[in-house]
Every structure is written in C-alpha cells, then in structure tokens.
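Since the structure is predicted, the reported quantities are computational estimates derived from the model, not experimental observations. Convention: sequence-line order gives letters A, B, ...; per-chain numbering from 1.
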Protein chains: 2
Amino acid sequence: MASIKDVAAEAGVSVATVSRVLNGHPSVSAQARTRVLAAVAALGYRPNAVARSLRTDQTRTLGLVISDVLNPYFTELARSVEEEARALGYSVIIGNADERPELQDHHVTTLLDRRIDGLLVSPTDGGSPRMIEAARGGTPMVFVDRWIPGVDVPVVRSDGREAVRDLVAHLHGLGHRRLAIIAGPAATTTGRERVDAFRAALGEFGLPLPDPYIGQGDFQADSGRRVTEGFLDLPEPPEVVFAADNLMALGALDAVRARGLRVPEDIALAAFDDIPWFVHTDPPVTAIAQPTGELGRAAVRALIDRIEGRRPESVALPARLVVRRSCGAPGPASSASPASSVRRSTS
Amino acid sequence: MASIKDVAAEAGVSVATVSRVLNGHPSVSAQARTRVLAAVAALGYRPNAVARSLRTDQTRTLGLVISDVLNPYFTELARSVEEEARALGYSVIIGNADERPELQDHHVTTLLDRRIDGLLVSPTDGGSPRMIEAARGGTPMVFVDRWIPGVDVPVVRSDGREAVRDLVAHLHGLGHRRLAIIAGPAATTTGRERVDAFRAALGEFGLPLPDPYIGQGDFQADSGRRVTEGFLDLPEPPEVVFAADNLMALGALDAVRARGLRVPEDIALAAFDDIPWFVHTDPPVTAIAQPTGELGRAAVRALIDRIEGRRPESVALPARLVVRRSCGAPGPASSASPASSVRRSTS
DNA sequence: ATCCCTCGTGTAATCGATTCCACGAGGAGG
DNA sequence: CCTCCTCGTGGAATCGATTACACGAGGGAT
C-alpha cells in the first residue's frame, strides 16, 4: 500500500509538503499542491490512520461499551451514538459486555490499549476496579443509561420516575392492587432506580410492595421467565407484572403463555423500554419509552465536550408512558391506527 | 500514560528487553523478566496498540460492514462474529450501512484507513467501485449473508431454497393459491435469491407468480407497509404475503392491522428470518430461520484463514422452516409449550 | 589454553505520518 | 544597494513499539 513517501517521490516534493497539502496547511504553492494531489490520485493513496494516530496522539475514535447488543434498546442506542459521532468526525468501536462484568472489563482494556479518544459506558456492574481506574486515569469518559455512583463522570440518562408514576396511576385506575416487579440487577443503577420509582409510586397510592412481589432478574429473557413462574406459583399471585426491561418482559410473556394463561385477562404486563415489536405482540404491551436516540446523541456531545477540555453537565431526559392493551385498558380504539401511539425505528 | 521507555528505565534494562519479556521471547534471563514484570505492574503499563500496529503491520482487528444493525438478524450476526473473533484473538469494528451504499463505502474506507487485517461484508448493493477496489486491493475479505457476483471472495451464507420450498408446500397444503412476495432490493443477492426460490417453488406446485404479486421492498419496515397496502388494494388481493426479511414482515403486520384486517383469517403472512419476537406477535409468525450464529462464526474462521494465507471455501448452511400460526395452520397445540419450536437468543 | 557457540543484552533502524526548525529566494522598505 | 520579512520548502526529530545486528561473557570441546 502506497505511503506518503511514494506520494512525495511521485510528486517530486518532500514528505513534509505532501503532509501539508493533505492537512490543508496554508503555506504550500499552488503548483506543489496540484502535483501532490495528482500523485495522490494516481497512486490511490490514503493516509495510514495508525501512523497518524501515533504521531498526533489522537485516534478520532470513541469507545462504546454496552451491556447487551441483543437488547433492542441498546442496539438503537449504539446506532444513534455512531450516527452522531460520525457527524462530528469520529468513529465508534462497540464493545458488547453481554451483562458480564469480566467481558466489560476486557473491552474497556482493549479500547484503552487502542488509545481511543473517549469512552462511553453503560456499566454492567457497580464498578469494577478496572472501570474505576479508567475513570480516574484521565481518559475522557461519560456514562450513558447506567452509571457508577461516586466517580466524577458525567451521566446521560433517562429519568423514568414520572413515567413510572403514570404507569402506576394507570394500573390503579384499572383496579389493579397487587403489583409485582421483575427487577434488574441490584448492581446497576437502572436495576435499583426502577424498583425505587415503582415502590415510591405505589406508596403514593397507598399500595404495598411486599418482598415476594420483587423478583430478581438480570435484564435477560430467561430471568423474566423464571421470576414470572415464581410469581404465578405464589399463593396469591400478583395481578400485574412490571418488567424492568424489554427482554425480561419477553420472558414473562413466554412464562405466562407456557401456563396457558392470557394477558391481560389472567395477569397484566407492562415493561420498561419500548420497542417496535411491542405494537404487534399478543397483546400489545404497555411500556415506558425512553428517548433513546436523543440519549445517544447527547452522550456523544457530552463526551466530545470532555475530550475537547470542556466540562459537560449530566443530563436526564424524561421517559414517557405508552399505554397499550397488556394491562387491560381498552387502549386506543383498535380500529383506529394503533400504530400512532408508538415510536418506530427511525429508518 | 507510561510508555515502554518508562518501563525500561524503571526496570533498569533496555526497551528491547522489555519488549522481549512482553512478547514471550525466550532469551531473557529470569532476573530481567522479574524486574520488567515488576516495573510493568508498578506503572500499570499497557502496550500502545497503535505503535505496535504501525511496526508489525497488523492490527489484530477485523472490520464488519453490515446492512442494518437495527435488524435483529444482523445484530445477532454481529454478535456471533465478535464472539468468535474474540475467541481467536481479534477485535471487531462494526460499520452499519443502514442499507445505504454511500454509507457502506464510507465504512469500508475508514476501516481500510485503519489497516484492519480483514474485512467481513454483507453488501448493500451490487458492488460499488469502492468495494470492488477493496476486494481486488489485496485486503483479505469474506462476504457474509449477501455477496457480489464476479469478485473472487469467499462467501458464507445460508441457503434458503429448500426451506422456501417447504414453506410453499405448507401454504399449498393449507389451500392457499394466491401467494405474493415482498422482495428485497434487486441489487442484493438475498433480494433476488429469495424471489427466485419462491418462484421456483411455486412453479413446482403449478402456481403462478404474477408481477403484481411481486412487491419491491428495501428490507426496511416502511417498505413492507407500503407494499402490503398495494397488495390489499389489488382487485384480487393475495391470500398470503411472504416478506423477504423480518422488518418488512413487521411493516406488513402494521399495514394489515391499520386496515382492521386480521392475520391469518383475512390474509396470511410468512417471513424470511426468524427472531425471538415472532413467537409473541399476534399471531405468531411462520418464518424461515437461518443458522445465524453458525454463519457468523464460519465467516470469521474463513476470514482468518484468508488472513493467514490459506484459501477458504465458500460455505452455504441450510435454513429451515418454523411453522407458527400466521398462515392459518393450527401450528403446535397452543396449550403445549409453543416456545419449543423456536430458537431463542443464546443469552 | 584456545576456539567457538550460545545466551542475554543493548544500540539503532524502522514503520508512516506530523511538525519544528533552518534555509534560500524574492519583494519591500530604507 | 543593503537589510529584513515573508513564503515555500526540505531535513530531521518524534511518537512507541519490534527486531536485526553486534557484542561481551561464560561454558564446553579439543
């Protein structure tokens, strides 16, 4: 592959001049510029990004470590992150942690080894030593969705408190009194916060949240299945199950169906995170929608602010309730366009 | 950040010795090794992958350019690719083309600029100049899922011909005679092949595939919606719609529902690509399942073979039909576990 | 005792860019 | 006419690693 030296030789100038032309440096004669450009075209030359990075000490690359790519929420997040980054002249390398702390650490390490300019993380756990060290180590960093308390890193997330309150009001209005939740891992902020918000909202309506109604999940479908089975085996099963993410809702749906029960007649279901498929499940699932795309874009902007030496503030964008039929509400009349109440993937 | 020089100074040896220790070179005394290792630990030193790549001319990184991350099929593919690559000591950088040729070219270019060791591509189009040039340019390359005819690059894909035949047999057995297809872009191999396979299978059963029953989609949900509306507006609408990917099936579902019609009573639906959500849609969707994980792993192995100078063969793995209720079949008894007939995401 | 190998180590070249500094040519000003 | 600037240019250092080569010490064979 042609290098800058080949171009210099072909154009009959020094490598310094070639570099200047390529980087738009002003003091290059028109004649030299023309010849360099011609040589570049003739050789099909493209600068070696590796060499350039070594010299300039910047890669124009962002790392994104997410908890689980198979989760449509994170897929969409990743997509919007890449989009915004590209618009601002950066590339993105994605590391998928699969909700496994050691895999997360592996990715953080490889990303740092590659000298990415900044790191966007949605931590899988409460803060591994590796992660803390990275945060303190001076790499520009921003947390997105989930965060680790006690580290001085800006957070871009969505605030679901209000929407959860709306959900509980909706459920209460429908006459439901025994509400259960499939929680995310206690090690994650989103795992804890959603339970807290749920409990607080229940409190407002004078409803309890007994321990047996708090099932411990791990944000994966299987755990939703398992926890839901546990709920159904209770002497007094809940009337509603609220899954703290969309995958566990899928698992819950599996479990309910496997028992030959129906949603919402036998048990109601709601989920945190809205996805296009929820419109078409049987029944359509009531969910709390996060402004995912906005979150991703804001996170990138915050990270680039950090990289460029500014000190961005944390951001919390409100989530909102999208009512469908899985809790027993009539929902939007099914003869009208039911699709109007849901976000579609921005294709 | 500490460099190899700092380590050398700390350990009281030369950088050459440090390098040798780090790379497991045999001729280093035990004493020197110990001191280097101690210095590495003391400084928290990690080799700079950028510098290393420049010198060794290899990045131990693979590029993966896929057509659309938001498509669960490709998400799963990307996931299995990364997994296998990691197991073999490589990292993966994903480029999402969003079904846009110019975006695909952008990613190919950036990836090549970064001097990735090999490129895995699922081309969005029939072969842009950029792509052809990359293939000829000596970069080890493998096509996955889709490919470009006429370039000498191994292909790892799934063969759906047999499964499509099974589907048509299934539909024919159910009494359906007017079958339509929402095709993918003619510029893609999968776009064409699925139509061809469908037409051939129909032929075996003496069924026609009239032009109005071939709708032109682009693998995105919106096009599925649009095409389905067209079908429904036909003087004689089809009895079955076969969507060439899962997103267009989602769009079809949207369109049918927006008309207040029901699947399968008013119109049947089947899709190419199976995804976990198809179990829980209303109704569960009959689909052709590709061995996605296997595809991703095989593609990585083929690419690494190429990188290491071997000449891997193309691979075609069979897809298979998964019958559910969207075509009117009774399907597996709904009181039994309906989940047993479908793949789940391997969490 | 001499010679030769092997082993451990260091010096320095190298990868492909960027960029500081020096230098010569040419124009402007005194 | 001389001096001083500016402008365009090239030489060479540099980033952080790897690795060819040279070299000295030590051990075994003769």
(Q) With a 4.0 Å limit, can you tell me whether B:N48 has a side-chain N or O closer than that to the phosphate oxygens OP1/OP2 of D:dC15? (A)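 For D:dC15, neither OP1 nor OP2 has a side-chain N or O of B:N48 closer than 4.0 Å.
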| query | Looking only at side-chain N and O atoms, does A:S29 come under 4.0 Å of OP1 or OP2 in D:dT9? | reply |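 The answer is yes; a side-chain N or O of A:S29 sits under 4.0 Å from OP1 or OP2.
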Is the closest basic N to carboxylate O distance between [X] and [Y] below 4.0 Å?
X: A:E294; Y: A:R297; answer: yes
X: A:D152; Y: A:R311; answer: yes
X: A:E133; Y: A:R130; answer: yes

Original post:
Start at the 5' end of DNA chain C and walk down; is the nucleotide closest to B:A30 or to A:A16 reached first?
Top reply: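 So the residue in question is B:A30.
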### Query
Quick one: on DNA chain C, does B:S14 or A:A49 contact a more 5' nucleotide (nearest heavy atom)?
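Going by which nucleotide is closer to the 5' end, it is B:S14.
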In whole angstrom, give the distance that lies between atom [atom1] of [X] and atom [atom2] of [N].
X: B:R33; N: C:dT9; atom1: CZ; atom2: C1'; answer: 13 Å
X: A:K5; N: D:dG10; atom1: NZ; atom2: P; answer: 16 Å
X: B:I4; N: D:dT18; atom1: CD1; atom2: P; answer: 5 Å
X: B:R115; N: D:dA17; atom1: CZ; atom2: P; answer: 21 Å
X: B:N23; N: D:dT19; atom1: CG; atom2: P; answer: 7 Å
X: A:R20; N: C:dT19; atom1: CZ; atom2: C1'; answer: 8 Å
X: A:H25; N: D:dC7; atom1: NE2; atom2: C1'; answer: 11 Å
X: B:D6; N: D:dG16; atom1: CG; atom2: P; answer: 8 Å

Base of D:dG16, side chain of A:R55 - is there a donor-acceptor contact under 3.5 Å?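 When only heavy-atom distances are counted, A:R55 does not reach the base of D:dG16 through any donor-acceptor pair under 3.5 Å.
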**Asked** What distance do A:L119 atom CG and A:H107 atom NE2 have between them, rounded to the nearest 0.5 Å?
**Response**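 If we round to the nearest 0.5 Å, A:L119:CG and A:H107:NE2 are 11.5 Å apart.
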With heavy atoms under 4.0 Å as the rule, sort [X] into base, sugar-phosphate or nothing.
X: B:V13; result: sugar-phosphate
X: A:D57; result: nothing
X: A:T17; result: sugar-phosphate
X: A:S27; result: base

- Hey, are the side chains of A:D68 and A:Q220 touching, using non-hydrogen atoms and a 4.5 Å cut-off?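 A:D68 vs A:Q220: side chains touch.
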